[in-house]
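This is a predicted model, so every value here is computed, not measured. In what follows, every chain begins at residue 1, and chains take the letters A, B, ... in the order their sequences are listed.
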There are 2 protein chains.
Amino acid sequence: MSRNSNGGAPVPEGGWLDSEQQRAWLAYIRVQLRLTYEMNRQLQSDSELSLPDYDVLTALSVADRGLMPIKVLAAQIGWERSRVSHHVRRMAERDLVSCSLSTSDRRVTEVRLTQHGREVLEAAAVGHVELVRRLFFDGLPRELEGPLSQALESVYTNIIAQGTLPPPVDWRPHGVDDRR
Amino acid sequence: MSRNSNGGAPVPEGGWLDSEQQRAWLAYIRVQLRLTYEMNRQLQSDSELSLPDYDVLTALSVADRGLMPIKVLAAQIGWERSRVSHHVRRMAERDLVSCSLSTSDRRVTEVRLTQHGREVLEAAAVGHVELVRRLFFDGLPRELEGPLSQALESVYTNIIAQGTLPPPVDWRPHGVDDRR
DNA sequence: AAAGCTTAGGTGATATGTCACGCAATTCCA
DNA sequence: TGGAATTGCGTGACATATCACCTAAGCTTT
């Protein structure tokens with residue numbers, strides 16, 4: 001940091017971001033930080049779920065028959081496998097999910113949403129989505145919704161192409177309806 | 001989840017997001033997840049820093065005289081104070097920062113960037129910014145940079161207004177140049 | 001200047017996440 | 001078909017984060 005003090009002109013060469021890019025990146029980081037903080041806080045105070053809990057339950061809730069191998073679940077929500085393993089065990093102790101061996105391939109553990117888990121999720125989702133709407137969309141002018149989606153989708157596509165992570169399966173997070 | 005199966009029409013009433021909003025939200029969450037994962041991964045493999053380490057060092061590097069009270073640092077990067085306290089102690093053991101009591105108010109601990117910390121940060125920043133450019137901006141059409149910035153800035157302003165968190169001080173994260 | 005409030009931080013118990021490794025089921029292939 | 005490679009996961013040691021609570025310095029009031 002603190003070099004490249006060129007008074008605000010774009011930086012064409014390899015190393016740094018030009019000023020328009022810096023603007024976008026700064027805005028992105030700020031939104032990301034605050035939003036994560038607030039979502040966590042809201043969930044924990046209005047429900048018995050943490051944001052990670054919520055992510056797991058949401059992924060399961062839209063899965064076929066509310067059930068998913070650990071490997072797939074990890075890919076869906078972008079976690080390390082062993083994190084899922086630990087987390088799911090803890091959630092099972094709270095009766096939010098249950099685990100069982102697949103009959104077809106006895107290496108795989110299938111994680112299943114319990115009835116209680118589904119109820120807790122649906123109760124929590126109301127407040128969560130409400131928060132997202134209030135914090136995110138109430139501040140977003142209608143005419144920028146389209147461009148924002150486009151921009152983020154482009155970036156996402158690029159990340160998948162460039163990134164080192166196995167490409168994910170379709171996933172709908174945080175109150176995004178699955179319209180079956 | 002899994003209710004409100006209205007076949008794709010916008011949902012006007014209170015509870016859920018309409019389909020354009022769902023599109024934006026889904027894209028946002030996906031980008032957020034992948035990007036965090038990749039940034040962490042890159043930093044840890046190309047330097048001796050984690051993403052949290054990097055955030056701390058970046059905040060300090062743009063501070064006046066490379067020095068900041070813990071309280072301010074926490075606000076800058078959106079952490080709980082005690083997290084900063086613990087983390088900074090560990091970083092001090094690695095000689096990335098150092099702590100000392102303020103002379104004017106002996107309650108405050110001032111965290112300072114060490115010479116070694118600055119060197120490590122500057123070495124790490126090169127690869128980090130390179131990754132951000134490759135993953136984020138290479139996928140973002142120039143004509144969408146402006147709208148994206150605008151959209152995220154609107155959202156950010158709204159979060160600050162609505163949110164429960166103390167409004168932050170100015171902060172420039174992750175390789176955003178401070179052009180003093 | 002002492003009682004009581006407020007503010008900055010540290011601390012220790014606990015929860016959570018990561019990493020390296022190991023084991024067992026499956027698949028590959030000579 | 002039997003051994004090697006691969007795959008899916010669990011585990012335990014360790015790193016990190018959170019939470020409730022503690023101390024002490026400064027401030028305010030009387």
Close residues, residues 87-95 of chain A, relative to DNA chain C [heavy-atom separation under 4.0 Å]
His87(A), Arg90(A)
Span of DNA chain C in contact with chain A (heavy atoms, under 4.0 Å)
dT16(C) to dT26(C)
Roughly how many Å is it from CD in Gln44(B) to P in dA15(D), rounded to a whole number?
13 Å
Going by atom type alone, with no hydrogens or angles, which donor-acceptor pairs under 3.5 Å involve a side-chain atom of residues 101-111 of chain B and a protein atom two or more places apart or on another chain?
residue: Ser102(B); atom: OG; partner: Ser104(B); partner atom: N; Å: 3.2
residue: Ser102(B); atom: OG; partner: Ser104(B); partner atom: OG; Å: 3.1
residue: Ser102(B); atom: OG; partner: Asp105(B); partner atom: N; Å: 3.3
residue: Asp105(B); atom: OD1; partner: Arg107(B); partner atom: N; Å: 2.9
residue: Asp105(B); atom: OD1; partner: Arg107(B); partner atom: NE; Å: 3.2
residue: Asp105(B); atom: OD2; partner: Arg107(B); partner atom: NE; Å: 3.4
residue: Asp105(B); atom: OD2; partner: Arg107(B); partner atom: NH2; Å: 2.8

Got a sec, which residues hit side-chain hydrogen bond (donor to acceptor under 3.5 Å, both in side chains) with Gln115(B), two or more places apart in sequence or on another chain?
Glu119(B)
5' priority, DNA chain C, between Ser104(A) and Trp79(A) [closest heavy atom]
Trp79(A)
Let me check something: any side-chain donor-acceptor pairs from residues 80-88 of chain A under 3.5 Å, sequence neighbours excluded? List them with distances.
residue: His86(A); atom: ND1; partner: Arg89(A); partner atom: NH2; Å: 3.1
residue: His87(A); atom: NE2; partner: Asp53(A); partner atom: OD1; Å: 2.7

Is the Phe136(B) ring parallel, tilted or perpendicular to the Trp25(A) ring (thresholds 30°, 60°)?
perpendicular
Applying salt bridge (Lys or Arg N to Asp or Glu O under 4.0 Å) as the test, list every pair that has at least one member in residues 137-161 of chain B; sequence neighbours left out.
Asp18(A)-Arg142(B), Arg23(A)-Glu153(B), Arg142(B)-Glu145(B)
Which residues share a side-chain hydrogen bond (donor to acceptor under 3.5 Å, both in side chains) with Thr36(B), sequence neighbours left out:
Gln32(B)
Residue list, side-chain hydrogen bond (donor to acceptor under 3.5 Å, both in side chains) with Asn40(B), at least two apart or on another chain
none
What distance do Arg118(A) atom CZ and Leu96(A) atom CG have between them, rounded to the nearest 0.5 Å?
12.5 Å
Sequence-distant partners of Thr114(B), side-chain hydrogen bond (donor to acceptor under 3.5 Å, both in side chains), two or more places apart:
none
Could you pull out the protein-nucleic contacts involving nucleotides 7-10 of chain D (nitrogen or oxygen on both sides, under 3.5 Å)?
residue: dT7(D); atom: O4'; partner: Arg107(A); partner atom: NH1; Å: 3.4
residue: dT7(D); atom: O2; partner: Arg107(A); partner atom: NH1; Å: 3.0
residue: dG8(D); atom: OP2; partner: Lys71(A); partner atom: NZ; Å: 2.8
residue: dC9(D); atom: OP1; partner: Ile70(A); partner atom: N; Å: 3.3
residue: dC9(D); atom: OP1; partner: Thr109(A); partner atom: N; Å: 3.3
residue: dC9(D); atom: OP1; partner: Thr109(A); partner atom: O; Å: 3.4
residue: dC9(D); atom: OP2; partner: Lys71(A); partner atom: N; Å: 2.8
residue: dC9(D); atom: O3'; partner: Thr109(A); partner atom: OG1; Å: 3.1
residue: dG10(D); atom: OP1; partner: Thr109(A); partner atom: OG1; Å: 3.2
residue: dG10(D); atom: OP2; partner: Ser85(A); partner atom: OG; Å: 2.7

Evaluate Gln44(A) against Ser50(A) for side chain to side chain donor-acceptor pair (under 3.5 Å), listing each step before the verdict.
CA-CA 5 Å; Gln44(A) 295 204 329; Ser50(A) 66; 4.9 Å; no
Nearest-angstrom distance from the residue atom CZ of Arg106(B) to P of dC27(D)
12 Å
